[in-house]
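One structure is given here, and the rest of the page talks about it.
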Amino acid sequence: MYRTHTCGQLKIEDVDKMVSLAGWVQRSRDLGGMTFIDLRDRYGITQLVFNMETDSALCEKARKLGREFVIRISGKVAERSNKNLKIPTGEIEIICNKFDILNASEVPPFTIEDETDGGDELRMKYRYLDLRRSVMKKNLELRHRMAQEVRNYLSKQNFLEIETPVLIKSTPEGARDFVVPSRMNPGQFYALPQSPQTFKQLLMVAGYDRYFQIVKCFRDEDLRADRQPEFTQIDCEMAFVEQDDILDTFEGLTKNMLSNIKGVEITEAFPRMSYSEALENYGNDKPDIRFEMTLHEISGLVKGKGFEVFDSAEYVGAICAESCSEYSRKQVDALTDFVKKPQIGAKGLVYVKCNPDGSYKSSVDKFFDQDALAGWASELGAKPGDLLLVLAGDKSRTLSALSELRLEMGRTLGLMDKTIFAPLWVVDFPLLEWDEDSRRFYAMHHPFTSPRPEDIELLDSDPGKVRANAYDLVINGVEIGGGSIRIHDKALQQKMFKTLGFAPEEAEAQFGFLMNAFRFGAPPHGGIAFGFDRLVSLFAGLDSIRDVIAFPKNNSGRDVMIDSPAKIEEELLKELRLRIEQAKA
Ligand code: ASP
């Protein structure tokens with residue numbers, strides 16, 4: 001037996017017991033007559049003591065132990081004179097009488113403690129060392145508990161967890177596919193699923209009316225903090241349901257997780273906001289409603305007063321930052337620089353300080369007198385002491401810039417409390433999105449999303465106006481999940497493909513299997529998928545999903561630990577009948 005207990009287990013009640021432990025040397029302190037070692041395993045840290053007086057040979061040997069050596073020890077539990085009440089085992093220590101080195105360790109490339117000196121890339125390269133740190137372990141434990149909760153909750157509601165294949169063909173979720181060449185079918189490729197979308201719909205046709213899966217999805221797109229080329233979804237589908245049934249079920253799941261994992265009880269229904277309301281009031285379709293500071297259009301108040309920037313703008317909008325009228329020149333300049341960043345794209349920033357004495361000071365005093373500025377302030381519900389920030393330009397870009405500015409102010413003013421969870425449903429998305437470059441419509445969600453029945457006739461006359469039976473769950477400004485009621489009628493699905501610019505043969509070649517299935521009694525159905533990594537990182541209070549994934553990829557999509565992607569053998573290429581084109585110099 002390697003050990004009688006773990007390193008997180010022994011307490012004051014265990015004093016005088018003879019025990020053995022196994023683990024890693026976290027740290028060793030040599031105090032002349034005594035050597036103290038912190039022994040770590042997955043469960044915690046226990047202090048070991050080696051005493052020069054009682055066993056000098058053993059103590060000498062212990063002194064030579066380096067960081068991250070794996071050892072097994074035996075000894076007696078004793079009460080500590082110098083207690084550390086911050087850790088569960090802090091009242092005891094083990095007076096060791098024996099130990100074996102199970103494996104030596106080189107000096108690790110960074111310190112394996114909560115506050116590590118390792119940079120991101122180094123930690124990724126030695127991920128197995130990084131995962132020894134207790135902060136990382138907590139994230140994986142949380143992930144595990146959350147997955148258990150999902151399985152429990154959904155199983156109790158009669159959902160079946162059913163696996164779907166990974167070697168499939170393209171699922172249109174809006175990203176590029178990862179592909180896998182087929183040796184047995186030279187020149188042909190599988191695609192990895194961007195989601196199990198078509199399979200879960202086929203399961204509904206097959207009669208499995210409640211499906212879920214915690215499943216890997218693959219999307220070849222540019223990476224950001226909350227994106228990975230492979231990520232995990234809680235994927236679900238239900239038959240014989242309407243939008244409300246799905247929202248109720250998954251609102252229940254979310255509340256259950258918040259309650260059981262975070263101790264956060266939300267009793268009232270999640271608010272629902274239409275897509276257009278979200279855009280008008282928050283500037284994006286994933287509003288962070290932990291704080292107000294909503295957007296207000298003031299075009300009507302400001303145009304035609306001779307200020308060219310406003311006069312030529314399609315949209316002029318503002319937010320009101322409470323109690324910020326004392327912002328210095330420097331602070332306002334910093335905000336101006338912020339909105340002018342290329343990724344935000346505003347041309348400049350107009351401010352109005354609502355001074356505590358009731359007067360106004362703005363950067364456009366030349367064009368707008370005190371009465372005019374008072375009109376803006378009243379439109380925004382601003383009080384003396386507040387600061388108005390105004391942006392102008394074409395509508396969609398200005399809304400999105402105002403949204404970024406709002407979030408920046410929210411961050412600066414400490415309004416984004418990570419212990420608060422503010423969920424909402426965004427509903428009534430447009431079905432289609434016009435792309436000016438390719439001059440065609442794209443499905444805003446995916447091509448299987450059903451139009452609202454009352455809007456179907458607009459599909460021919462004004463496709464851009466058609467609303468979808470689609471919904472997103474947003475928590476704290478993070479899109480946690482999205483789904484839709486699906487098309488289950490062959491003719492309507494064909495029409496949808498046509499609207500999206502597919503030639504009938506093309507639609508048939510790509511999605512014939514699904515449209516065929518619709519010929520054989522497809523029930524009405526709909527579903528949703530939650531981004532599991534995002535949900536875990538939100539619950540963990542982190543900004544990146546990387547830290548909740550055991551082995552993530554870096555921003556260039558590389559796994560720097562196993563050094564992948566990598567070249568493959570010439571032989572294999574031949575077998576696959578592939579030839580690599582040399583990059584041009
Ligand atoms: N397949 C969709 C997605 O991955 C979710 C859904 O419609 O259920 O976003």
Side-chain angles (χ1 to χ4, degrees), residues 150 154 159 161-166 168-178 191-205 208-221 226-239 241-251 253-254 275 285-286 425-433 442-452 467-475 478-488 493 496 500 510-511 514 522-535 545:
V150 170
L154 292 177
F159 282 79
E161 185 165 15
I162 303 176
E163 287 161 274
T164 50
V166 171
I168 63 165
K169 77 186 205 184
S170 187
T171 33
E173 298 280 2
R176 246 176 247 114
D177 287 321
F178 281 103
L192 302 184
Q194 291 187 35
S195 84
Q197 184 62 35
T198 46
F199 286 94
K200 64 176 174 174
Q201 292 192 240
L202 292 171
L203 284 170
M204 296 305 110
V205 179
Y208 295 83
D209 63 356
R210 290 178 164 220
Y211 140 94
F212 87 100
Q213 185 180 190
I214 299 186
V215 63
K216 272 289 171 78
C217 301
F218 306 85
R219 296 184 191 178
D220 187 0
E221 54 194 348
D226 62 350
R227 282 208 184 142
Q228 282 276 308
E230 53 177 304
F231 60 97
T232 306
Q233 281 190 347
I234 309 170
D235 191 47
C236 305
E237 197 75 5
M238 302 165 85
V241 286
E242 289 170 339
Q243 176 163 310
D244 274 349
D245 301 306
I246 296 184
L247 300 199
D248 286 349
T249 306
F250 291 93
E251 189 164 315
L253 171 68
T254 311
Y275 171 83
D285 61 1
K286 43 181 168 69
W425 292 106
V426 179
V427 295
D428 292 344
F429 281 85
L431 184 70
L432 304 162
E433 210 172 7
Y442 283 89
M444 188 132 185
H445 190 48
H446 51 55
F448 314 111
T449 295
S450 166
R452 299 263 297 246
R467 284 164 308 163
N469 247 332
Y471 32 80
D472 274 0
L473 177 69
V474 176
I475 306 181
V478 180
E479 184 197 322
I480 289 299
S484 60
I485 296 298
R486 326 296 184 190
I487 297 171
H488 64 283
Q493 187 65 69
M496 181 69 178
L500 293 173
Q510 260 197 52
F511 302 111
L514 187 68
H525 61 284
I528 193 165
F530 281 8
F532 186 53
D533 312 287
R534 284 190 193 168
L535 193 61
I545 62 172

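One-based numbering along the sequence shown. Excluded from the calculations below are hydrogen atoms, water molecules and symmetry mates; all remaining heavy atoms, backbone and side chain alike, are included. Atoms within each ligand, like the ligands themselves, are counted from 1 in listed order. The structure displayed is predicted, hence computed values, not measured ones.
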### Query
Side chains of P165 and P196: does their closest heavy-atom pair fall under 4.5 Å?
no
### Task
Could you say whether the N/O atoms of Q194 and ligand 1 ever approach to under 3.5 Å?
no
Acceptor/donor pairs from residues 523-533 side chains to any protein atom, 3.5 angstrom cut, sequence neighbours excluded:
unit_1, atom_1, unit_2, atom_2, d
H525, ND1, P523, O, 2.8
H525, NE2, Q201, NE2, 3.0
D533, OD1, R143, NH1, 2.8
D533, OD1, R143, NH2, 3.0
D533, OD2, T232, N, 2.7

### Query
Taking only heavy atoms of Q233, which atoms of ligand 1 are found under 4.0 Å from at least one of them?
3 (C), 4 (O)
### Numbered atoms of ligand 1 (with element) below 4.0 Å of H445, judged on heavy atoms
6 (C), 7 (O)
#### Entry: E237 N/O under 3.5 Å from ligand 1 N/O
no
### Atoms in ligand 1 flagged as close to I528, the criterion being non-hydrogen separation under 4.0 Å
8 (O)
### Query
Going by distance only, is there an N or O of D235 that falls short of 3.5 Å from an N or O of ligand 1?
no
### Task
Would you please name every residue forming a ring-ring contact (aromatic ring centres under 6.0 Å, His included) with H446, sequence neighbours left out?
F448
## Note on the structure
For E173, the atoms of ligand 1 under 4.0 Å from one of its heavy atoms are 1 (N), 2 (C), 3 (C), 4 (O), 9 (O)
### Task
Among all protein heavy atoms, pick the one closest to atom 7 (O) of ligand 1 and tell me residue, atom and distance.
R486 NH1, 2.7 Å
### Message
Testing the basics here: between F429 and A470, what is the closest heavy-atom pair and its distance to 0.1 Å?
### Response
CD1-O, 3.7 Å
#### Entry: Atom indices of ligand 1, in the order listed, that fall short of 4.0 Å to a heavy atom of A529
5 (C), 8 (O)
### Message
Under 4.0 Å from a heavy atom of K200: which atoms of ligand 1 are those, numbered in the order shown and with their elements?
### Response
6 (C), 8 (O)
### Query
Under a heavy-atom criterion of less than 4.0 Å, does R219 contact ligand 1?
yes
### Message
The test is side chain to side chain contact (heavy atoms under 4.5 Å, CB included); show your working for V241 and D209 and say whether it passes.
### Response
CA-CA 9 Å; V241 286; D209 63 356; over 6 Å; no
### Query
Is there a donor in the side chain of S195 and an acceptor in the side chain of Q233, or the other way round, less than 3.5 Å apart?
no
### Message
If the cut-off is 4.0 Å to any non-hydrogen atom of G483, which atoms of ligand 1 fall inside it?
### Response
6 (C), 7 (O)
### Query
For atom 5 (C) of ligand 1, what is the nearest protein heavy atom, given as residue, atom name and distance?
G482 O, 3.4 Å
### Query
For the side chain of Q197 and the backbone of E173, is there at least one donor-acceptor N/O pair under 3.5 Å apart?
no
#### Entry: Electrostatic pair K286-E479, nearest N-O below 4.0 angstrom
no
### Message
Just so I know, are the side chains of L192 and D177 near enough to count as touching, which here means a heavy-atom distance under 4.5 Å?
### Response
no
